[in-house]
Amino acid sequence: MKRLFSKNRWLGTILNVIGLTVSFTVFMIIMIQVLYDWRYDRNYPDSERIFRFEFTDDPSSPGVYNITICRPFIESVKGKIPEVEALGAYGYWKNSSAQWYKSDDREQIYNLLSSDLDTDMLKVFPFEFTEGDPAEFARPMSAIIAESVAELLWPDESPVGKTIVNRYNSSAEYRIVAVYRDFPRNSSVENGVLLQMGDDCLTLWNEWSFQCYMKLHNPDDAGKVAEMLRDKMLEALEIGPDSDMAKMLESGVRITNLHEAYFSRDIPGDNMGKGNRTTTGSLFAIGLILIVIAIINFINMATAAVPMSIKDINTRKVLGSGRAALIRRQLAEALFIAAAAFALSVLALHLISTTSFTYYISGSLKVGDNIPVILLGAAAAVCTSLIAGIFPAMYSTSFQPALVLKGSFSLSDKGKMFRSILVGFQFTASFVLMAAALYIQVQTSFMKSMDMGFNRDLVVEFGCGSRIGQKS
(Lines give C-alpha, C1' and ligand atoms only; values in the text may rest on other atoms or scores of the structure.)
Protein backbone atom coordinates (compact mmCIF):
# COMPACT_ATOMS: atom_id res chain seq x y z
CA MET A 1 0.00 0.00 0.00
CA LYS A 2 3.05 2.27 0.09
CA ARG A 3 2.40 3.03 -3.59
CA LEU A 4 -0.78 4.93 -2.59
CA PHE A 5 1.34 7.47 -0.70
CA SER A 6 4.15 7.80 -3.20
CA LYS A 7 5.29 11.22 -4.35
CA ASN A 8 2.89 11.30 -7.30
CA ARG A 9 -0.17 9.76 -5.63
CA TRP A 10 -0.40 10.85 -1.99
CA LEU A 11 -2.53 13.93 -2.73
CA GLY A 12 -5.01 11.94 -4.82
CA THR A 13 -5.22 9.27 -2.11
CA ILE A 14 -5.97 11.84 0.60
CA LEU A 15 -8.61 13.55 -1.56
CA ASN A 16 -10.20 10.18 -2.28
CA VAL A 17 -10.34 9.31 1.43
CA ILE A 18 -11.82 12.71 2.33
CA GLY A 19 -14.45 12.53 -0.42
CA LEU A 20 -15.48 8.98 0.48
CA THR A 21 -15.56 9.80 4.21
CA VAL A 22 -17.99 12.67 3.65
CA SER A 23 -20.15 10.56 1.32
CA PHE A 24 -20.29 7.55 3.66
CA THR A 25 -21.04 9.75 6.69
CA VAL A 26 -23.90 11.60 5.02
CA PHE A 27 -25.19 8.32 3.53
CA MET A 28 -25.34 6.66 6.95
CA ILE A 29 -27.06 9.66 8.56
CA ILE A 30 -29.66 9.68 5.78
CA MET A 31 -30.19 5.92 6.09
CA ILE A 32 -30.72 6.23 9.86
CA GLN A 33 -33.69 8.51 9.14
CA VAL A 34 -34.91 6.37 6.21
CA LEU A 35 -34.80 3.14 8.22
CA TYR A 36 -36.46 4.90 11.15
CA ASP A 37 -39.41 5.69 8.86
CA TRP A 38 -39.46 2.39 6.96
CA ARG A 39 -39.42 0.34 10.17
CA TYR A 40 -41.80 2.49 12.24
CA ASP A 41 -44.09 0.08 14.15
CA ARG A 42 -42.65 -2.77 12.10
CA ASN A 43 -39.70 -3.83 14.21
CA TYR A 44 -41.35 -5.92 16.91
CA PRO A 45 -43.23 -9.26 16.77
CA ASP A 46 -46.77 -9.35 15.33
CA SER A 47 -46.57 -5.71 14.21
CA GLU A 48 -48.50 -6.57 11.04
CA ARG A 49 -51.48 -7.64 13.20
CA ILE A 50 -51.80 -4.46 15.28
CA PHE A 51 -54.35 -1.86 14.14
CA ARG A 52 -55.96 1.38 15.26
CA PHE A 53 -59.67 2.24 15.03
CA GLU A 54 -60.40 5.35 12.91
CA PHE A 55 -63.64 6.90 11.69
CA THR A 56 -65.15 10.05 10.19
CA ASP A 57 -67.33 12.14 12.50
CA ASP A 58 -67.63 15.55 10.84
CA PRO A 59 -70.01 15.93 7.85
CA SER A 60 -68.37 19.25 7.00
CA SER A 61 -64.98 17.54 6.49
CA PRO A 62 -65.43 14.44 4.31
CA GLY A 63 -62.35 12.26 4.05
CA VAL A 64 -61.03 13.46 7.41
CA TYR A 65 -60.78 10.84 10.16
CA ASN A 66 -60.87 10.90 13.96
CA ILE A 67 -59.12 8.49 16.33
CA THR A 68 -60.65 9.29 19.73
CA ILE A 69 -63.83 7.76 21.11
CA CYS A 70 -65.42 7.09 24.50
CA ARG A 71 -64.36 4.23 26.74
CA PRO A 72 -67.87 2.75 27.10
CA PHE A 73 -67.87 2.00 23.37
CA ILE A 74 -64.44 0.38 23.57
CA GLU A 75 -65.62 -1.79 26.46
CA SER A 76 -68.82 -2.71 24.59
CA VAL A 77 -66.93 -4.32 21.70
CA LYS A 78 -64.40 -6.30 23.72
CA GLY A 79 -64.85 -10.01 23.06
CA LYS A 80 -67.65 -9.39 20.55
CA ILE A 81 -65.62 -9.70 17.32
CA PRO A 82 -64.14 -13.20 16.76
CA GLU A 83 -61.47 -11.92 14.35
CA VAL A 84 -60.00 -9.71 17.09
CA GLU A 85 -57.53 -11.38 19.43
CA ALA A 86 -57.21 -8.44 21.84
CA LEU A 87 -58.61 -4.92 22.04
CA GLY A 88 -57.94 -2.12 24.49
CA ALA A 89 -58.02 1.59 25.29
CA TYR A 90 -54.87 3.66 24.98
CA GLY A 91 -54.34 7.26 26.09
CA TYR A 92 -51.28 7.85 23.95
CA TRP A 93 -49.51 10.97 22.69
CA LYS A 94 -46.13 10.59 21.06
CA ASN A 95 -43.37 12.10 23.22
CA SER A 96 -45.86 13.17 25.89
CA SER A 97 -44.09 13.42 29.22
CA ALA A 98 -44.84 14.18 32.85
CA GLN A 99 -42.72 15.09 35.83
CA TRP A 100 -42.32 12.42 38.51
CA TYR A 101 -40.40 11.82 41.66
CA LYS A 102 -39.89 8.76 43.79
CA SER A 103 -42.15 8.70 46.83
CA ASP A 104 -39.15 8.39 49.14
CA ASP A 105 -37.20 11.18 47.42
CA ARG A 106 -39.15 14.37 46.75
CA GLU A 107 -36.05 16.35 45.76
CA GLN A 108 -35.06 14.73 42.47
CA ILE A 109 -37.53 15.31 39.60
CA TYR A 110 -37.63 13.03 36.56
CA ASN A 111 -39.19 14.04 33.26
CA LEU A 112 -40.52 10.72 31.88
CA LEU A 113 -42.57 9.75 28.85
CA SER A 114 -46.00 8.76 30.13
CA SER A 115 -49.16 7.17 28.73
CA ASP A 116 -52.39 5.65 30.07
CA LEU A 117 -53.74 2.27 29.05
CA ASP A 118 -56.07 -0.44 30.22
CA THR A 119 -55.08 -4.00 31.10
CA ASP A 120 -56.08 -5.45 27.72
CA MET A 121 -53.45 -3.30 25.96
CA LEU A 122 -50.81 -5.62 27.42
CA LYS A 123 -52.19 -8.26 25.04
CA VAL A 124 -52.23 -5.94 22.02
CA PHE A 125 -48.54 -5.04 22.02
CA PRO A 126 -45.89 -7.77 22.53
CA PHE A 127 -44.63 -6.67 25.94
CA GLU A 128 -41.67 -8.65 27.26
CA PHE A 129 -41.51 -8.37 31.03
CA THR A 130 -38.19 -8.79 32.80
CA GLU A 131 -39.33 -8.18 36.40
CA GLY A 132 -42.53 -8.26 38.40
CA ASP A 133 -45.98 -9.65 37.67
CA PRO A 134 -47.94 -7.94 34.85
CA ALA A 135 -51.16 -9.46 36.23
CA GLU A 136 -50.85 -6.94 39.07
CA PHE A 137 -51.35 -4.17 36.51
CA ALA A 138 -55.11 -4.80 36.74
CA ARG A 139 -55.13 -3.09 40.12
CA PRO A 140 -55.95 0.65 40.25
CA MET A 141 -53.03 3.08 40.55
CA SER A 142 -50.56 0.58 39.12
CA ALA A 143 -47.77 1.29 36.67
CA ILE A 144 -45.28 -0.57 34.53
CA ILE A 145 -42.00 1.00 33.47
CA ALA A 146 -39.38 0.39 30.79
CA GLU A 147 -35.98 -1.06 31.66
CA SER A 148 -34.32 2.24 30.76
CA VAL A 149 -36.52 4.04 33.29
CA ALA A 150 -35.84 1.41 35.94
CA GLU A 151 -32.09 1.86 35.37
CA LEU A 152 -32.47 5.63 35.66
CA LEU A 153 -34.53 5.67 38.85
CA TRP A 154 -33.23 2.57 40.65
CA PRO A 155 -29.89 1.57 39.11
CA ASP A 156 -28.89 -0.75 41.94
CA GLU A 157 -32.18 -2.30 43.05
CA SER A 158 -35.45 -3.67 41.77
CA PRO A 159 -38.17 -1.06 41.16
CA VAL A 160 -41.01 -3.55 41.68
CA GLY A 161 -43.11 -2.49 44.64
CA LYS A 162 -41.72 1.04 44.64
CA THR A 163 -44.01 4.04 44.10
CA ILE A 164 -43.73 7.19 42.03
CA VAL A 165 -45.69 10.41 42.43
CA ASN A 166 -46.80 12.96 39.86
CA ARG A 167 -45.19 16.29 40.68
CA TYR A 168 -48.36 18.30 40.02
CA ASN A 169 -50.78 15.85 41.62
CA SER A 170 -49.53 14.54 44.94
CA SER A 171 -52.50 12.17 45.17
CA ALA A 172 -51.46 10.45 41.94
CA GLU A 173 -49.18 7.89 43.53
CA TYR A 174 -48.59 4.80 41.38
CA ARG A 175 -47.14 1.48 42.46
CA ILE A 176 -44.72 -0.14 40.01
CA VAL A 177 -45.72 -3.76 39.42
CA ALA A 178 -43.53 -4.80 36.50
CA VAL A 179 -40.66 -3.81 34.20
CA TYR A 180 -40.80 -4.34 30.42
CA ARG A 181 -38.00 -4.51 27.90
CA ASP A 182 -37.61 -1.29 25.93
CA PHE A 183 -39.41 -1.07 22.60
CA PRO A 184 -37.63 0.50 19.63
CA ARG A 185 -37.82 4.29 19.58
CA ASN A 186 -39.81 4.20 16.36
CA SER A 187 -42.85 2.48 17.82
CA SER A 188 -46.18 3.41 19.40
CA VAL A 189 -45.17 2.20 22.86
CA GLU A 190 -43.24 4.77 24.82
CA ASN A 191 -40.23 3.64 26.82
CA GLY A 192 -41.37 5.39 29.95
CA VAL A 193 -44.14 5.08 32.52
CA LEU A 194 -47.35 3.31 31.48
CA LEU A 195 -50.18 3.97 33.91
CA GLN A 196 -53.24 1.88 34.67
CA MET A 197 -56.29 3.66 33.29
CA GLY A 198 -58.56 2.18 35.92
CA ASP A 199 -62.17 3.32 35.82
CA ASP A 200 -61.40 6.69 34.28
CA CYS A 201 -64.43 7.80 32.21
CA LEU A 202 -65.63 4.21 32.09
CA THR A 203 -69.30 5.27 32.09
CA LEU A 204 -69.03 8.61 30.28
CA TRP A 205 -70.38 8.29 26.74
CA ASN A 206 -69.70 11.94 26.03
CA GLU A 207 -65.98 11.87 26.86
CA TRP A 208 -64.30 11.07 23.55
CA SER A 209 -60.63 11.19 24.44
CA PHE A 210 -59.44 7.58 24.17
CA GLN A 211 -57.95 5.59 21.31
CA CYS A 212 -58.88 2.02 20.47
CA TYR A 213 -56.06 -0.34 19.48
CA MET A 214 -56.46 -4.01 18.59
CA LYS A 215 -54.59 -7.12 17.49
CA LEU A 216 -56.20 -9.30 14.82
CA HIS A 217 -55.77 -13.03 14.40
CA ASN A 218 -55.30 -12.43 10.68
CA PRO A 219 -54.45 -9.01 9.23
CA ASP A 220 -56.37 -9.92 6.06
CA ASP A 221 -59.59 -9.58 8.09
CA ALA A 222 -59.09 -5.82 8.57
CA GLY A 223 -61.90 -4.85 6.17
CA LYS A 224 -64.33 -7.30 7.76
CA VAL A 225 -63.48 -6.10 11.28
CA ALA A 226 -63.99 -2.46 10.23
CA GLU A 227 -67.49 -3.29 8.98
CA MET A 228 -68.34 -5.03 12.24
CA LEU A 229 -67.03 -2.09 14.25
CA ARG A 230 -69.18 0.26 12.16
CA ASP A 231 -72.28 -1.82 12.98
CA LYS A 232 -71.33 -1.89 16.66
CA MET A 233 -70.83 1.87 16.60
CA LEU A 234 -74.26 2.52 15.07
CA GLU A 235 -75.83 0.25 17.66
CA ALA A 236 -73.96 1.46 20.74
CA LEU A 237 -74.35 5.16 19.94
CA GLU A 238 -77.98 4.68 18.86
CA ILE A 239 -77.44 6.23 15.45
CA GLY A 240 -80.48 5.90 13.19
CA PRO A 241 -79.89 4.11 9.85
CA ASP A 242 -81.25 7.09 7.88
CA SER A 243 -79.34 9.78 9.73
CA ASP A 244 -76.51 11.82 8.23
CA MET A 245 -74.11 10.25 10.71
CA ALA A 246 -75.06 6.75 9.56
CA LYS A 247 -74.57 7.69 5.91
CA MET A 248 -71.20 9.19 6.74
CA LEU A 249 -70.09 6.10 8.65
CA GLU A 250 -71.20 3.79 5.83
CA SER A 251 -67.80 4.16 4.23
CA GLY A 252 -66.09 6.15 6.96
CA VAL A 253 -64.93 3.46 9.41
CA ARG A 254 -61.58 1.74 9.06
CA ILE A 255 -58.85 0.11 11.06
CA THR A 256 -55.29 0.99 10.05
CA ASN A 257 -52.10 -0.93 10.64
CA LEU A 258 -49.83 1.21 12.80
CA HIS A 259 -47.07 1.40 10.21
CA GLU A 260 -49.53 2.76 7.64
CA ALA A 261 -51.00 5.12 10.26
CA TYR A 262 -47.51 6.59 10.67
CA PHE A 263 -47.72 7.89 7.08
CA SER A 264 -51.43 8.82 7.03
CA ARG A 265 -52.18 12.49 6.38
CA ASP A 266 -55.96 12.61 6.82
CA ILE A 267 -56.13 12.74 10.64
CA PRO A 268 -55.76 16.30 11.98
CA GLY A 269 -53.86 16.45 15.25
CA ASP A 270 -52.91 12.79 15.15
CA ASN A 271 -51.27 11.81 18.41
CA MET A 272 -48.74 9.35 17.05
CA GLY A 273 -45.41 10.04 15.38
CA LYS A 274 -45.69 11.09 11.75
CA GLY A 275 -43.62 10.50 8.64
CA ASN A 276 -43.87 11.43 4.98
CA ARG A 277 -43.43 8.79 2.28
CA THR A 278 -42.30 11.35 -0.30
CA THR A 279 -39.67 12.78 2.03
CA THR A 280 -38.44 9.32 2.98
CA GLY A 281 -38.22 8.26 -0.66
CA SER A 282 -36.42 11.48 -1.58
CA LEU A 283 -33.89 11.00 1.21
CA PHE A 284 -33.21 7.45 0.05
CA ALA A 285 -32.69 8.68 -3.53
CA ILE A 286 -30.31 11.40 -2.29
CA GLY A 287 -28.33 8.79 -0.36
CA LEU A 288 -27.93 6.67 -3.50
CA ILE A 289 -26.93 9.72 -5.56
CA LEU A 290 -24.23 10.56 -3.02
CA ILE A 291 -22.80 7.06 -3.31
CA VAL A 292 -22.89 7.28 -7.11
CA ILE A 293 -21.07 10.64 -6.97
CA ALA A 294 -18.48 9.10 -4.65
CA ILE A 295 -17.95 6.21 -7.08
CA ILE A 296 -17.59 8.58 -10.05
CA ASN A 297 -15.13 10.74 -8.11
CA PHE A 298 -13.14 7.62 -7.20
CA ILE A 299 -13.04 6.52 -10.86
CA ASN A 300 -11.97 9.99 -12.02
CA MET A 301 -9.17 10.21 -9.49
CA ALA A 302 -7.98 6.68 -10.24
CA THR A 303 -8.12 7.23 -14.00
CA ALA A 304 -6.23 10.51 -13.66
CA ALA A 305 -3.48 8.62 -11.84
CA VAL A 306 -3.09 6.02 -14.63
CA PRO A 307 -0.42 7.96 -16.58
CA MET A 308 1.68 8.16 -13.40
CA SER A 309 1.41 4.44 -12.61
CA ILE A 310 1.25 2.88 -16.05
CA LYS A 311 5.00 2.36 -16.36
CA ASP A 312 5.16 0.62 -12.99
CA ILE A 313 2.26 -1.65 -13.98
CA ASN A 314 3.75 -2.62 -17.32
CA THR A 315 7.24 -3.07 -15.90
CA ARG A 316 5.67 -5.70 -13.63
CA LYS A 317 4.08 -7.24 -16.72
CA VAL A 318 7.51 -7.51 -18.40
CA LEU A 319 8.91 -9.10 -15.26
CA GLY A 320 6.22 -11.78 -15.34
CA SER A 321 3.23 -10.50 -13.37
CA GLY A 322 -0.08 -11.64 -14.83
CA ARG A 323 -2.89 -9.21 -15.62
CA ALA A 324 -5.23 -10.83 -13.08
CA ALA A 325 -2.66 -10.34 -10.29
CA LEU A 326 -2.21 -6.68 -11.25
CA ILE A 327 -5.98 -6.12 -11.25
CA ARG A 328 -6.31 -7.75 -7.83
CA ARG A 329 -3.52 -5.51 -6.55
CA GLN A 330 -5.30 -2.37 -7.68
CA LEU A 331 -8.64 -3.60 -6.29
CA ALA A 332 -6.91 -4.22 -2.95
CA GLU A 333 -5.66 -0.62 -3.00
CA ALA A 334 -9.19 0.63 -3.76
CA LEU A 335 -10.58 -1.51 -0.95
CA PHE A 336 -7.96 -0.11 1.45
CA ILE A 337 -8.96 3.47 0.57
CA ALA A 338 -12.67 2.69 0.99
CA ALA A 339 -12.06 0.88 4.29
CA ALA A 340 -10.04 3.81 5.65
CA ALA A 341 -12.77 6.23 4.58
CA PHE A 342 -15.46 4.04 6.13
CA ALA A 343 -13.59 3.85 9.45
CA LEU A 344 -13.30 7.65 9.48
CA SER A 345 -17.00 7.99 8.63
CA VAL A 346 -17.95 5.81 11.63
CA LEU A 347 -15.78 8.05 13.81
CA ALA A 348 -17.45 11.12 12.28
CA LEU A 349 -20.89 9.64 13.00
CA HIS A 350 -19.88 9.08 16.63
CA LEU A 351 -18.72 12.68 16.96
CA ILE A 352 -21.89 14.04 15.31
CA SER A 353 -24.03 12.00 17.73
CA THR A 354 -22.70 14.18 20.57
CA THR A 355 -23.76 17.46 18.93
CA SER A 356 -27.05 19.32 18.59
CA PHE A 357 -27.35 17.98 15.03
CA THR A 358 -29.21 15.01 16.51
CA TYR A 359 -32.24 17.31 16.80
CA TYR A 360 -32.77 17.03 13.04
CA ILE A 361 -32.82 13.21 12.95
CA SER A 362 -35.71 11.20 14.42
CA GLY A 363 -33.62 8.18 15.31
CA SER A 364 -30.57 7.84 17.52
CA LEU A 365 -27.24 8.66 15.84
CA LYS A 366 -25.22 6.59 18.31
CA VAL A 367 -23.11 3.97 16.56
CA GLY A 368 -24.20 1.22 18.97
CA ASP A 369 -27.88 1.89 18.19
CA ASN A 370 -27.37 1.63 14.43
CA ILE A 371 -25.58 -1.64 13.77
CA PRO A 372 -27.76 -2.40 10.68
CA VAL A 373 -26.87 1.02 9.23
CA ILE A 374 -23.18 0.50 9.99
CA LEU A 375 -23.30 -2.86 8.19
CA LEU A 376 -25.11 -1.21 5.29
CA GLY A 377 -22.42 1.48 5.19
CA ALA A 378 -19.73 -1.21 5.20
CA ALA A 379 -21.46 -2.96 2.30
CA ALA A 380 -21.66 0.37 0.44
CA ALA A 381 -17.93 0.89 1.04
CA VAL A 382 -17.06 -2.55 -0.34
CA CYS A 383 -19.32 -2.10 -3.36
CA THR A 384 -17.89 1.36 -3.96
CA SER A 385 -14.33 0.05 -3.92
CA LEU A 386 -15.13 -2.81 -6.29
CA ILE A 387 -17.19 -0.75 -8.74
CA ALA A 388 -14.86 2.24 -8.67
CA GLY A 389 -11.71 0.15 -8.74
CA ILE A 390 -12.52 -2.33 -11.49
CA PHE A 391 -12.58 0.14 -14.41
CA PRO A 392 -9.23 1.87 -13.67
CA ALA A 393 -7.70 -1.56 -12.98
CA MET A 394 -8.95 -3.04 -16.26
CA TYR A 395 -8.02 0.12 -18.17
CA SER A 396 -4.50 0.53 -16.82
CA THR A 397 -3.60 -3.12 -17.46
CA SER A 398 -4.98 -3.21 -21.00
CA PHE A 399 -1.99 -1.65 -22.81
CA GLN A 400 0.93 -3.41 -24.43
CA PRO A 401 4.05 -3.22 -22.24
CA ALA A 402 6.35 -2.36 -25.12
CA LEU A 403 4.24 0.65 -26.13
CA VAL A 404 4.19 2.06 -22.64
CA LEU A 405 7.84 1.45 -21.87
CA LYS A 406 8.80 3.43 -25.00
CA GLY A 407 7.06 6.45 -23.43
CA SER A 408 4.39 6.80 -26.13
CA PHE A 409 1.39 6.21 -23.83
CA SER A 410 -1.41 8.76 -23.50
CA LEU A 411 -5.10 8.58 -22.72
CA SER A 412 -7.18 7.61 -25.75
CA ASP A 413 -9.87 9.85 -27.14
CA LYS A 414 -12.51 7.41 -25.89
CA GLY A 415 -10.94 7.44 -22.43
CA LYS A 416 -10.94 11.22 -22.35
CA MET A 417 -14.57 11.31 -23.49
CA PHE A 418 -15.57 8.79 -20.82
CA ARG A 419 -13.90 10.88 -18.11
CA SER A 420 -15.59 14.02 -19.41
CA ILE A 421 -18.98 12.30 -19.24
CA LEU A 422 -18.34 11.17 -15.66
CA VAL A 423 -17.20 14.63 -14.60
CA GLY A 424 -20.22 16.19 -16.30
CA PHE A 425 -22.61 13.85 -14.50
CA GLN A 426 -20.84 14.48 -11.20
CA PHE A 427 -21.15 18.26 -11.52
CA THR A 428 -24.76 18.04 -12.72
CA ALA A 429 -25.83 15.84 -9.80
CA SER A 430 -23.99 18.10 -7.34
CA PHE A 431 -25.60 21.25 -8.73
CA VAL A 432 -29.07 19.64 -8.62
CA LEU A 433 -28.61 18.70 -4.96
CA MET A 434 -27.34 22.16 -4.05
CA ALA A 435 -30.21 23.82 -5.94
CA ALA A 436 -32.74 21.60 -4.15
CA ALA A 437 -31.20 22.46 -0.77
CA LEU A 438 -31.30 26.19 -1.55
CA TYR A 439 -34.91 25.90 -2.74
CA ILE A 440 -35.93 24.22 0.52
CA GLN A 441 -34.10 26.92 2.49
CA VAL A 442 -35.87 29.68 0.55
CA GLN A 443 -39.27 28.06 1.08
CA THR A 444 -38.63 27.58 4.79
CA SER A 445 -37.53 31.19 5.23
CA PHE A 446 -40.57 32.38 3.29
CA MET A 447 -42.97 30.44 5.52
CA LYS A 448 -41.28 31.70 8.68
CA SER A 449 -41.09 35.36 7.71
CA MET A 450 -44.15 35.90 5.49
CA ASP A 451 -46.46 38.64 6.75
CA MET A 452 -49.82 36.97 7.40
CA GLY A 453 -51.57 40.25 8.15
CA PHE A 454 -52.00 39.43 11.85
CA ASN A 455 -49.94 38.70 14.92
CA ARG A 456 -49.61 34.92 14.99
CA ASP A 457 -48.49 34.95 18.63
CA LEU A 458 -51.99 36.14 19.64
CA VAL A 459 -53.89 33.40 17.78
CA VAL A 460 -55.20 30.37 19.66
CA GLU A 461 -56.18 27.13 17.91
CA PHE A 462 -58.39 24.44 19.45
CA GLY A 463 -60.53 21.58 18.21
CA CYS A 464 -64.29 21.26 18.53
CA GLY A 465 -66.95 18.73 17.55
CA SER A 466 -69.03 18.85 14.40
CA ARG A 467 -72.14 20.06 16.25
CA ILE A 468 -70.37 23.15 17.58
CA GLY A 469 -68.94 23.78 14.15
CA GLN A 470 -72.40 23.68 12.53
CA LYS A 471 -73.78 26.21 15.06
CA SER A 472 -70.93 28.72 14.67
Side-chain angles (χ1 to χ4, degrees), residues 51-61 64-81 84 86-98 113-125 137-143 166 168-169 171-174 188-190 193-214 226 228-240 243-246 248-249 252-256 261 267-272 460-472:
F51 291 77
R52 184 178 66 177
F53 178 54
E54 302 169 356
F55 58 95
T56 56
D57 67 340
D58 189 350
S60 64
S61 301
V64 175
Y65 285 78
N66 181 32
I67 56 171
T68 55
I69 196 164
C70 58
R71 276 197 74 188
F73 171 75
I74 297 175
E75 293 296 321
S76 71
V77 297
K78 287 184 177 181
K80 303 294 178 61
I81 303 177
V84 176
L87 180 147
Y90 195 12
Y92 165 73
W93 292 89
K94 184 65 176 177
N95 295 324
S96 175
S97 62
L113 297 173
S114 306
S115 300
D116 302 327
L117 65 162
D118 65 12
T119 307
D120 289 310
M121 283 298 299
L122 301 187
K123 304 174 185 176
V124 175
F125 287 98
F137 188 64
R139 295 185 177 183
M141 305 302 291
S142 297
N166 189 298
Y168 297 105
N169 184 3
S171 63
E173 186 169 334
Y174 288 84
S188 292
V189 179
E190 298 284 25
V193 179
L194 301 182
L195 308 173
Q196 169 59 246
M197 197 174 286
D199 295 335
D200 187 26
C201 302
L202 197 57
T203 60
L204 299 180
W205 287 84
N206 60 347
E207 179 56 55
W208 289 34
S209 56
F210 301 90
Q211 300 99 52
C212 178
Y213 285 68
M214 66 200 75
M228 298 178 72
L229 283 170
R230 179 198 61 206
D231 295 339
K232 296 288 185 183
M233 193 174 183
L234 294 174
E235 177 185 349
L237 301 179
E238 299 180 352
I239 300 174
S243 65
D244 292 338
M245 188 68 173
M248 183 177 57
L249 293 176
V253 175
R254 70 187 185 192
I255 61 172
T256 305
I267 303 176
D270 197 348
N271 55 18
M272 73 180 299
V460 178
E461 178 184 355
F462 59 90
C464 62
S466 59
R467 295 181 179 178
I468 296 177
Q470 291 172 354
K471 293 180 180 180
S472 61

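All values derive from a computational prediction rather than experimental measurement.
Sequence neighbours left out, the pairs with a member in residues 193-205 that pass side chain to side chain donor-acceptor pair (under 3.5 Å) are Thr119-Gln196.
Considering only residues two or more places apart in sequence or on other chains, Ser114 meets the side-chain hydrogen bond (donor to acceptor under 3.5 Å, both in side chains) condition with Trp100. In this structure Thr56 satisfies the side chain to side chain contact (heavy atoms under 4.5 Å, CB included) test together with Tyr65, Met248, Leu249, sequence neighbours excluded. In terms of the salt bridge (charged side-chain N to carboxylate O under 4.0 Å, His left out) criterion, residue partners of Arg230 (sequence neighbours excluded) are, by chain and number, Glu250. With sequence neighbours excluded, no residue forms a ring-ring contact (aromatic ring centres under 6.0 Å, His included) with Trp93. Applying the side chain to side chain contact (heavy atoms under 4.5 Å, CB included) rule to Asp116 yields the partners Leu195, Met197; only residues at least two apart in sequence or on another chain are considered. With sequence neighbours excluded, the residues forming a side chain to side chain contact (heavy atoms under 4.5 Å, CB included) with Thr256 are Glu54, Arg254, Glu260, Ala261, listed by chain and number. Considering only residues two or more places apart in sequence or on other chains, Glu235 meets the side-chain hydrogen bond (donor to acceptor under 3.5 Å, both in side chains) condition with none of them. Arg71 pairs by the salt bridge (charged side-chain N to carboxylate O under 4.0 Å, His left out) definition with Glu75, not counting sequence neighbours. Every residue meeting the side chain to side chain contact (heavy atoms under 4.5 Å, CB included) condition with Ser243, not counting sequence neighbours, appears here in chain and number order: Ile239, Met245, Ala246. Residues passing the ring-ring contact (aromatic ring centres under 6.0 Å, His included) test with Phe51: none are found, sequence neighbours excluded. Residues satisfying the ring-ring contact (aromatic ring centres under 6.0 Å, His included) test with Phe137, not counting sequence neighbours, are none.
Counting heavy atoms from C-beta outward, Leu194 and Leu122 have side chains that stay 4.5 Å or more apart. Under the 4.5 Å side-chain criterion, counting only non-hydrogen atoms from C-beta, Ile69 is in contact with Ile74.
Atom CD1 of residue Ile67 and atom OG of residue Ser209 lie 11.5 Å apart, to the nearest 0.5 angstrom. Here the CZ-CD1 distance, from Arg52 to Ile267, works out to 4.5 Å after rounding to the nearest 0.5 Å. Taken from OG in Ser96 to CD in Glu190, the straight-line distance is 8.0 Å, to the nearest 0.5 Å.
Between Tyr213 and Phe125, the two ring planes are tilted [angle within 30° to 60°].
Residue Lys123 qualifies as open at atom NZ: its count of foreign heavy atoms under 6.0 Å is 12 or below.
Contact between Val253 and Phe53 at its shortest, heavy atoms only, is CG1-CE1, 3.5 Å. Met272 approaches Lys94 most closely through the heavy-atom pair C-CB, 3.8 Å. Counting all heavy atoms, side chain and backbone alike, Ala143 lies closest to Tyr174 at CB-CB, 4.0 Å. Here the closest non-hydrogen pair linking Leu202 and Pro72 is O-CG, 3.3 Å. Between Cys212 and Met214, the closest heavy-atom pair is SG-CE, 4.0 Å. Of all heavy-atom pairs between Met233 and Phe73, the closest is CA-CE1, 3.4 Å.
Leu229 pairs in a side-chain contact (heavy atoms from CB on, under 4.5 Å) with only one of the listed residues (Leu234, Ile255, Val84), which is Ile255.
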Report the C-alpha distance between Thr68 and Asn66 in whole Å, list the side-chain angles of each, state the deciding distance to 0.1 Å, and finish with yes or no for side-chain hydrogen bond (donor to acceptor under 3.5 Å, both in side chains).
CA-CA 6 Å; Thr68 55; Asn66 181 32; 3.2 Å; yes
